[in-house]
Amino acid sequence: MTTDKRILIVEDEFKIARFLQLELEHEGYQTLIETNGRRALDRIVQEAFDLVVLDVMLPELDGLEICRRVRELSDMPIIMVTAKDAIEDKVLGLDTGADDYLTKPFAVQELFARIRVALRKNKETHNELTTDTLTSGNLTLYPARYEAEVSDQPVALTKKEYDLLEYLIRNKHIVMSRERILHEVWGYDYTGDTNVVDVYIRYLRSKLDERFGQKYIYTVRGVGYVVKD
């Protein structure tokens, strides 16, 4: 069996990680290994994975914190694999956002089965949610699941970055002032400086315009910002 699904294995015991990698690749999955929690989070944010097999006990950043942060950005399936087998640990992992929880030792065939279930559920959910989309050129937004893609490549955005981008695209070709954006995206009760809009525009440009070499967000000097196709 071959598949285009990419799986990140986050496990600090390299022998275990390598064993999982060999077994998963034998099943046809594309895999990568990361042994450090903080580096793992960076890779999840910056690269495109279909599923993460995530250990809990990791150096620098534990699996629970990684899961919590990923859930702010994505609904990517996460299967936690850990030696912690107390019910409280399982509940905490699932409540943090994991799709499934396996305790060591486990049969690798069970992991395969749970991966298949997680990927299938995620695909079914995405199929249900793909009908409502917003587009600008080759940029597509999926409002129901807070996701963005450029030419089918996922773009990792924080919730506020996504809210700002969605607002601009819903008002495509209309110039929006900083004050209007503040009111609509940050809320009427927001009392901060309008410079926060400029900061978030820079964030979006670094993730869209600079990464993909195409201009999406334009500045109208003295007025505000506009998205154009």
Side-chain angles (χ1 to χ4, degrees), residues 5-14 16-17 19-21 23-24 29-129 141-149 154-163 166 203 207:
K5 299 301 183 184
R6 299 180 78 239
I7 295 178
L8 179 64
I9 301 165
V10 186
E11 167 63 68
D12 64 335
E13 294 187 44
F14 186 75
I16 294 176
F19 168 74
L20 292 176
Q21 182 178 47
E23 292 292 331
L24 286 167
Y29 296 105
Q30 301 174 39
T31 65
L32 289 137
I33 292 173
E34 185 53 70
T35 59
N36 176 278
R38 192 166 298 282
R39 289 198 304 267
L41 179 61
D42 289 341
R43 295 188 72 167
I44 293 168
V45 170
Q46 296 170 11
E47 303 178 38
F49 295 101
D50 296 287
L51 182 141
V52 178
V53 176
L54 180 64
D55 192 15
V56 173
M57 302 301 291
L58 296 164
E60 292 199 41
L61 202 65
D62 67 40
L64 291 171
E65 182 62 16
I66 292 172
C67 185
R68 186 186 67 78
R69 296 192 190 184
V70 170
R71 280 294 170 259
E72 294 176 352
L73 305 170
S74 171
D75 63 354
M76 173 198 315
I78 296 173
I79 297 179
M80 284 191 169
V81 177
T82 176
K84 291 189 170 186
D85 60 356
I87 293 298
E88 294 81 2
D89 293 317
K90 293 181 181 181
V91 170
L92 181 58
L94 294 170
D95 283 348
T96 303
D99 295 86
D100 211 337
Y101 194 106
L102 265 176
T103 55
K104 301 174 184 175
F106 57 86
V108 72
Q109 292 300 327
E110 182 179 3
L111 175 62
F112 293 162
R114 296 192 184 213
I115 286 173
R116 289 193 295 269
V117 169
L119 289 173
R120 184 169 64 248
K121 285 183 177 178
N122 189 253
K123 181 180 179 180
E124 290 170 355
T125 301
H126 279 212
N127 287 342
E128 291 172 1
L129 297 175
L141 268 61
Y142 301 93
R145 62 179 194 255
Y146 277 85
E147 290 184 5
E149 294 178 350
V155 182
L157 301 174
T158 66
K159 184 177 184 302
K160 191 57 68 179
E161 289 168 352
Y162 184 92
D163 288 343
E166 179 182 337
Y203 293 160
K207 293 182 176 183

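In this structure, the separation between CG on Asp55 and CD1 on Ile9 is 12.0 Å, given to the nearest 0.5 Å. Note: Leu102 CG to Ile115 CD1 = 9.0 Å, rounded to the nearest 0.5 Å. Distance OG1/Thr96 to CZ/Arg68: 9.0 Å, rounded to 0.5 Å. Separation of atoms CD (Gln21) and CD1 (Ile7) is listed at 11.0 Å; rounding is to 0.5 Å. With values rounded to the nearest 0.5 angstrom, Asp62 atom CG is found 10.0 Å from Thr82 atom OG1. Note: Glu60 CD to Ile66 CD1 = 10.0 Å, rounded to the nearest 0.5 Å.
Formation of a donor-acceptor pair under 3.5 Å by the Arg71 side chain with backbone atoms of Met76 is found in this model. With Lys207 contributing its side chain and Ala156 its backbone, the two residues share a donor-acceptor pair below 3.5 Å. For the pair Glu110 (side chain) and Ala107 (backbone), a donor-acceptor distance under 3.5 Å is absent. Side chain of Asp50 to main chain of Arg6: a donor-acceptor pair is present (N/O by atom type, distance under 3.5 Å, no hydrogens or angles). A donor-acceptor pair under 3.5 Å is absent between the side-chain atoms of Arg39 and the main chain of Glu34, judged by distance alone.
Of all the heavy atoms in Ala48 and Pro154, the pair that sits closest is CB-CG, 3.6 Å. The two residues Phe14 and Thr35 have their closest heavy-atom pair at CD1-CG2, 4.4 Å.
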Step by step, would you call Ile78 with Val70 a side chain to side chain contact (heavy atoms under 4.5 Å, CB included)? CA-CA 9 Å; Ile78 296 173; Val70 170; 4.0 Å; yes
Residue pair Tyr146, Glu166: steps toward the side-chain hydrogen bond (donor to acceptor under 3.5 Å, both in side chains) verdict: CA-CA 9 Å; Tyr146 277 85; Glu166 179 182 337; 5.6 Å; no
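Electrostatic pairing of Arg69 and Glu72 does not count as a salt bridge here, judged by no charged N lying under 4.0 Å from a carboxylate O. A salt bridge is defined here as a Lys NZ or Arg NE, NH1 or NH2 lying under 4.0 Å from an Asp or Glu carboxylate O, and Asp100 with Arg114 meets this definition. Salt-bridge formation is detected for the pair Lys159/Asp163: a Lys NZ or Arg NE/NH1/NH2 atom is positioned less than 4.0 Å from an Asp or Glu carboxylate oxygen.
Between Ile33 and Leu8, the closest side-chain pair of non-hydrogen atoms is not below 4.5 Å. With a 4.5 Å cut-off on side-chain heavy atoms, Leu54 and Val81 do not count as touching. Contact annotation: the side chain of Tyr142 approaches that of Glu149 to within less than 4.5 Å [non-hydrogen atoms, C-beta and beyond]. A 4.5 Å side-chain heavy-atom check between Leu64 and Leu92 finds at least one atom pair inside the cut-off. Within the 4.5 Å cutoff, side-chain heavy atoms of Phe112 are placed close to those of Leu24. The shortest distance between side-chain heavy atoms of Leu111 and Phe106 falls below 4.5 Å.
With 3.5 Å as the limit, one finds no donor-acceptor pair spanning the side chains of Glu147 and Tyr162.
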